[in-house]
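Reading through the structure tokens given below for one structure.
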Amino acid sequence: MNKSNRLTVYIIISMFAGIVLGYLVHTQSSPDFIQSFSTNIKLLTTIFLRLVQMIIAPLVFSTLVVGIAKLGDLKTVGRIGGKAMLWFITASLVSLLLGMLLVNLFKPGEGIGIGNTDLNAAKDLVGKTQDFNIQKFVEHVFPKSVIDAMANNEILQIVIFSLFFGIATAALGEKGKIIVKALDAVAHVILKMVGYVMNFAPLGVFGAIAAVIATKGLEVFVFYGKYLLYFTIGIVILWSLLLLAGFMVLGKRMPELLRRITPALIIAFSTTSSEAVFPKLTEELERFGCKDKVVAFILPLGYSFNLVGSMLYMTFASIAIAQASNIHLDFGTQLTMFLILMLTSKGIAGVPRAALIVVAATCTMFHIPAEGIALILPIDHFCDMFRTSTNVLGNALATGMVSKWENSLEPAVTEHAD
């Protein structure tokens with residue numbers, strides 16, 4: 001069994017172990033102990049996520065600068081970036097439109113009633129939308145300090161700085177090669193660290209699952225069943241469309257890509273953090289045959305502009321809250337909301353629970369009670385599992401497809417069994 005398959009097995013075992021332990025604590029313990037257990041067991045997830053987060057900034061910076069410098073001139077950068085952005089925009093439109101169609105077809109918000117929810121649970125989230133405006137959007141995209149951007153893992157800001165740094169390095173010619181060689185070595189060191197950090201993934205998954213089951217019990221799997229069912233139908237349709245596009249472009253290489261990214265998908269699903277798999281995804285895409293310079297360029301862009309799972313959720317949740325509030329949105333209003341979400345979804349990549357913040361801000365903009373976000377808070381963790389893993393799939397496919405379009409997809413690296 002190779003390392004990738006072994007990690008997948010350990011993660012799956014950890015998920016089931018977390019469910020069993022969480023259920024035992026939920027059924028056999030007092031509320032005070034459950035609260036204490038949940039808080040403490042989540043420290044395992046916190047440790048794993050913090051270990052991953054410590055290598056995100058140096059990995060994005062080093063790989064992206066090296067990737068741009070190796071691409072060479074601005075013409076090549078523009079060509080590859082243009083192909084990537086065309087795919088990102090197309091996938092975004094499909095995701096948002098699918099969410100809008102499904103929520104109008106199934107009407108999950110009808111009959112729920114906002115009066116039955118705990119609005120206090122949404123106060124903190126709604127408060128975060130007060131500063132959501134064009135100025136904050138721009139500030140979130142363009143860094144005033146690269147040190148500050150790296151300290152806060154602002155991927156989009158790091159991407160902007162790295163683009164300028166990479167282009168400037170390439171423009172230096174011979175002098176720039178020294179910097180490229182040094183950063184290339186740094187990137188390989190960080191990727192080596194990835195293997196060490198991923199050994200903690202099963203513990204992170206175990207802690208996350210055990211905590212939520214201990215707090216809510218197994219009934220969370222049927223809680224708000226209709227809403228979760230309809231959203232899952234949307235995810236299944238979106239996955240089908242993404243995989244169809246992948247097979248059309250990658251052909252026989254598609255099953256190999258799916259096999260390699262399966263551990264990353266499971267981790268993303270379990271921890272609801274796409275950041276947690278960024279380093280592992282980088283490594284696996286390179287092993288799949290994507291050139292390091294293409295992976296280093298496309299993947300960070302995808303994490304900022306290609307959140308397909310989150311975008312499906314944004315239209316679905318926003319209109320569902322309107323339905324629950326007995327507010328009718330005509331087609332023109334929904335189309336306006338659709339276009340606004342297309343833009344705002346790009347501005348807060350990397351923000352915790354970004355999709356919910358965008359939904360709350362959009363509701364406020366259209367005079368829908370933003371407190372209605374409390375309707376979906378009880379099951380948002382499970383919706384987040386699906387949308388995060390979908391984001392990861394979308395970005396892996398984007399990198400593989402652009403590599404294919406650039407005729408730079410090489411044979412996969414063979415892994416030796418241990």
Contact between [X] and [Y] at the side-chain level, heavy atoms closer than 4.5 Å - yes or no?
{"X": "Met150", "Y": "Phe61", "value": "yes"}
{"X": "Leu242", "Y": "Val308", "value": "yes"}
{"X": "Phe88", "Y": "Leu307", "value": "no"}
{"X": "Thr215", "Y": "His26", "value": "no"}
{"X": "Leu98", "Y": "Ile237", "value": "yes"}
{"X": "Phe316", "Y": "Pro108", "value": "yes"}
{"X": "Ile261", "Y": "Val392", "value": "no"}
{"X": "Ser95", "Y": "Leu238", "value": "yes"}

Distance-only side-chain donor-acceptor flag, Asn391 / Thr388, under 3.5 Å:
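No, no side-chain donor-acceptor contact under 3.5 Å.
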
Gln334 and Asn104: side chain donor to acceptor below 3.5 Å
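Note: Gln334 and Asn104 side chains meet the donor-acceptor criterion.
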
Counting distance only, does the side-chain N/O of [X] pair as donor-acceptor with the main-chain N or O of [Y] below 3.5 Å?
{"X": "Thr390", "Y": "Gly309", "value": "no"}
{"X": "Ser403", "Y": "Leu409", "value": "no"}
{"X": "Thr45", "Y": "Gly204", "value": "yes"}
{"X": "Thr315", "Y": "Leu96", "value": "yes"}
{"X": "Asn306", "Y": "Gly394", "value": "yes"}
{"X": "Ser389", "Y": "Phe386", "value": "yes"}

Step through the shown structure and confirm whether more than 12 heavy atoms of other residues, nucleotides or ligands are within 6.0 Å of NZ on Lys404.
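Check fails, neighbour count at 12 or below.
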
Is the count of non-hydrogen atoms from other residues, nucleotides or ligands lying under 6.0 Å from Phe16 atom CZ greater than 12?
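Incorrect, the count does not exceed 12.
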
If I compare all heavy atoms of Ser270 with all of Met385, which pair ends up nearest, and what's the gap?
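Closest pair (atom of Ser270, atom of Met385, distance): O-CE, 4.2 Å.
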
Does the distance from a Lys or Arg side-chain N to an Asp or Glu carboxylate O, for Lys280 and Glu283, drop under 4.0 Å?
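Here Lys280 pairs with Glu283 in a salt bridge, since their nearest N and O are under 4.0 Å apart.
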
Please determine whether a side-chain nitrogen of the Lys or Arg among Glu406 and Arg79 lies less than 4.0 Å from a carboxylate oxygen of the Asp or Glu.
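Salt bridge flag = yes for Arg79 with Glu406.
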
Quick one: [atom1] on [X] to [atom2] on [Y], what's the gap to the nearest 0.5 Å?
{"X": "Asp384", "Y": "Tyr313", "atom1": "CG", "atom2": "OH", "result": "8.0 Å"}
{"X": "Lys293", "Y": "Asp184", "atom1": "NZ", "atom2": "CG", "result": "12.0 Å"}
{"X": "Ile235", "Y": "Ile233", "atom1": "CD1", "atom2": "CD1", "result": "11.5 Å"}
{"X": "Thr399", "Y": "Leu285", "atom1": "OG1", "atom2": "CG", "result": "5.0 Å"}
{"X": "Ser62", "Y": "His188", "atom1": "OG", "atom2": "NE2", "result": "10.0 Å"}
{"X": "Leu329", "Y": "Ile321", "atom1": "CG", "atom2": "CD1", "result": "11.0 Å"}

Evaluation steps, side-chain contact (heavy atoms from CB on, under 4.5 Å), between Val146 and Ile158:
CA-CA 7 Å; Val146 67; Ile158 297 170; 5.7 Å; no

When the ring planes of Phe106 and Tyr230 are compared, do they come out parallel, tilted or perpendicular, using 30° and 60° as the limits?
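Aromatic pair Phe106/Tyr230 classed parallel.
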
For Lys177 and Glu174, what are the C-alpha separation, side-chain angles and deciding distance, and is it a salt bridge (charged side-chain N to carboxylate O under 4.0 Å, His left out)?
CA-CA 5 Å; Lys177 289 183 179 179; Glu174 201 64 33; 3.5 Å; yes

Taking the cut-offs as 6.0 angstrom to the six-membered ring centre and 45 degrees off its axis, would you call Arg260 and Phe288 a cation-pi pair?
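Negative - Arg260 is either too far from the ring of Phe288 or too far off its axis.
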
